[in-house]
Amino acid sequence: MWKGDHVSGDLSFPGRLTGAYTAIGSSSFTEFLSQAAPELLPGRRPLPPGDYTDAVPHGTTIVAIRCEGGVVMAGDRRATQGNMISSRDIRKVHAADPYSLIGIAGTAGIGLELIRLYQVELEHHEKLDGEPLSLHGKANKLANMIRGNLGIAMQGLAVVPLFAGFDLDSDEPAEAGRIFSFDVAGSMNEEREYDAIGSGSIFAKAALKKRLRPNLSIDETIRLAVEALYDAADDDTATGGPDLSRRLFPIVMTATAEGTRRIADEDVETVARAVVESRLNNPGG
C-alpha cells in the first residue's frame, strides 16, 4: 500500500487482503483457512454447553462396494431430527474430485459443509502442487479434517464420512477400487470389499455380507447397493427406502477409470422398482 511516497506492508485496511493471503504456506486450503479465517471451519465454531444430537437434522445411510473396474457408492435420501423426518430429498453422496467419492452420515449441515471444504482442499492442493494427491493421500487429508471437528462431535454434532475412489496408481485396474472408513476421531481404515455408515449400516452390511460375490459388474453392484439400502430402511426408521409416490430413489455414483459418474435418476428408479417388485413375493430378500 502507498502512504505518501512510501510503500507500506500494512494490509489491515478495510477491503484489503491480510498477510495470510500473501504469506508462503503449504498447499492445504484447510491449513490456510485456519490462519486467515478460523471461524469458518466447522470445528472452530464455539457452541454453548450441552448435547445437540436431536437439535439438528441427521442423515443416514451410505454404502460403498468394490466392483469390477472401480467402486459404487449409494445413499438414501432421508434426514431426521429426533423422531421426525426433516427432509426426504437430501443428497449425501458427492464426487470429491474427478476420481473419488465421499458420502456422509451424521449432522447433515456440517457434513455437507465438510464435503464442500474437502472438495476445495483437493482442488487447492492440485493447483499449488501441480498434481493430485494419491488416493491414500486424499483419505489422509479427510482424516485430518475429521479430527478438527472432534470438539463439536462430542456435543452431538458428529459427522462420519465414507470415502472411495479409483486408484490411478494401481497396477491392476480391475482391482483399483478402494474404500476407506473413518471414526469420529479421524482414525482411518481401508475396507476390503464393502462398507456402510449411518444408523442403518448394520442392516446394510448384513445384506451385503450375504449377497456379495467376487467380480460383480457395475450394474450388478448398483442393484446390490440399492438392495442393501432397502434392507436398511426396512429395519431402521432413520433410513429412507424407495419413495415410489414422490419418485425419490437413492443417489448412486460410480468411480472408475473414466472418472466419477452419477447414475441417472431414471436408471436408479428402474433398479429400485425391480427391487420393490421382487420383495413383494419375498419380503426378506
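Numbers here are sequence positions counted from 1.
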I'd like to know if F182 and I197 are part of one continuous hydrophobic network [Ile/Leu/Val/Met/Phe/Trp/Tyr, side-chain heavy atoms within less than 4.5 Å]. no
Start with the C-alpha distance between E193 and L208, add both sets of side-chain angles, then the distance that settles side-chain contact (heavy atoms from CB on, under 4.5 Å), and finish with yes or no. CA-CA 10 Å; E193 300 297 335; L208 293 174; over 6 Å; no
List for me each residue that meets side-chain hydrogen bond (donor to acceptor under 3.5 Å, both in side chains) alongside E190, sequence neighbours excluded, and say none if there are none. R178
Counting only heavy atoms from other residues, nucleotides and ligands, does the tally under 6.0 Å from CZ of R247 exceed 12? no
State whether the side chain of R91 and the backbone N or O of V93 hold a donor-acceptor pair below 3.5 Å, judged by distance alone. yes
Derivation of the side-chain contact (heavy atoms from CB on, under 4.5 Å) call for N140 and H136: CA-CA 6 Å; N140 275 325; H136 196 274; 3.3 Å; yes
Grouping ILVMFWY residues whenever side-chain heavy atoms fall under 4.5 Å, the cluster of F203 otherwise contains I202
Heavy-atom distance under 4.5 Å between the side chains of P242 and V275, does that happen here? no
Working to the nearest 0.5 angstrom, can you tell me the gap between E121 CD and L142 CG? 10.0 Å
What do the steps show when you test I218 against I222 for side-chain contact (heavy atoms from CB on, under 4.5 Å), and what is the final call? CA-CA 6 Å; I218 288 180; I222 290 171; 3.8 Å; yes
My understanding is that only residues two or more places apart in sequence, or in another chain, count here; which of them pass side-chain hydrogen bond (donor to acceptor under 3.5 Å, both in side chains) with D231? R211, R279
For a quick test of reading the model, state the closest non-hydrogen atom pair linking G103 to M73 and the distance between them. N-SD, 3.5 Å
Let me check something: do I146 and L117 share a hydrophobic cluster, defined by ILVMFWY side-chain heavy atoms less than 4.5 Å apart, either directly or through other members? yes
Report the distance from atom CZ of R116 to atom CG of L114, rounding to the nearest 0.5 Å. 10.0 Å
Indicate if M188 and I62 have the same hydrophobic cluster label, given that clusters are the connected sets of ILVMFWY residues with side-chain heavy-atom separations under 4.5 angstrom. no
Distance col, row R78:CZ vs I90:CD1, nearest 0.5 angstrom, shows 12.5 Å
Does R66 use its side chain to pair, donor to acceptor, with the backbone of E191 at less than 3.5 Å? no
To the nearest 0.5 Å, how far apart are CG in D267 and CG in D219? 9.0 Å
Shortest non-hydrogen contact from F163 to L101? CD1-O, 3.2 Å
Can any side-chain N or O of T107 pair as donor or acceptor with the backbone N or O of G109 at less than 3.5 Å? no
Got a salt bridge between R223 and E227, using NZ or NE/NH1/NH2 to carboxylate O under 4.0 Å? yes
Work out which heavy atom in A233 is nearest to a heavy atom in G240; give both atom names and the distance. CB-C, 3.8 Å
Under the criterion side-chain contact (heavy atoms from CB on, under 4.5 Å), which of L229, L244, D243 is the partner of F249? L244
Under a 4.5 Å cut-off applied to non-hydrogen side-chain atoms, are P250 and V268 in contact? yes
Smallest separation among heavy atoms of S170 and A176, with atom names: CB-CB, 3.7 Å
Among side-chain atoms of D236 and T239, is any donor-acceptor pair under 3.5 angstrom? yes
Which atom of A207 lies closest to which atom of A228, heavy atoms considered: CB-CA, 4.1 Å
Can you measure from NE2 (H125) to CG (L133) and round to the nearest 0.5 angstrom? 4.0 Å
Between D167 and D169, is there a donor-acceptor pair closer than 3.5 Å when you use the side chain of the first and the backbone of the second? yes
Atom pairs and distances, donor-acceptor, side-chain atoms in residues 251-261, under 3.5 Å, two or more places apart:
from : atom 1 : to   : atom 2 : distance (Å)
T256 : OG1    : E258 : N      : 3.3
T256 : OG1    : E258 : OE1    : 3.2

Heavy atoms from other residues, nucleotides or ligands near CG of N282 exceed 12 (cutoff 6.0 Å): yes
Against D97, only a single residue in K138, E123, Q119 fulfils side-chain contact (heavy atoms from CB on, under 4.5 Å); can you say which? K138
Transitive ILVMFWY side-chain link Y194 to L224, under 4.5 Å: yes
Partners passing side-chain hydrogen bond (donor to acceptor under 3.5 Å, both in side chains) against N144 (at least two apart in sequence or in another chain): R147
Using a 3.5 Å distance criterion without hydrogens, assess whether the side chain of T61 forms a donor-acceptor pair with backbone atoms of G198. no
Are F180 and V159 connected, step by step, through hydrophobic side chains (Ile, Leu, Val, Met, Phe, Trp, Tyr) whose heavy atoms are closer than 4.5 Å? yes
Go through it in stages, so that I can follow the logic: the residues are Y230 and V226, the test is side-chain contact (heavy atoms from CB on, under 4.5 Å), and I'd like the CA-CA distance, side-chain angles, deciding distance and then a yes or no. CA-CA 6 Å; Y230 184 100; V226 173; 5.6 Å; no
Spacing of CD belonging to E131 relative to CG belonging to L128, to within rounding of 0.5 Å: 12.5 Å
Give me the atom names and distance for the closest heavy-atom approach of A64 to L162. CB-CD2, 3.6 Å
Supply the members, apart from Y99, of the Ile/Leu/Val/Met/Phe/Trp/Tyr cluster built from side-chain contacts under 4.5 Å; use none for a lone residue. F166, L168
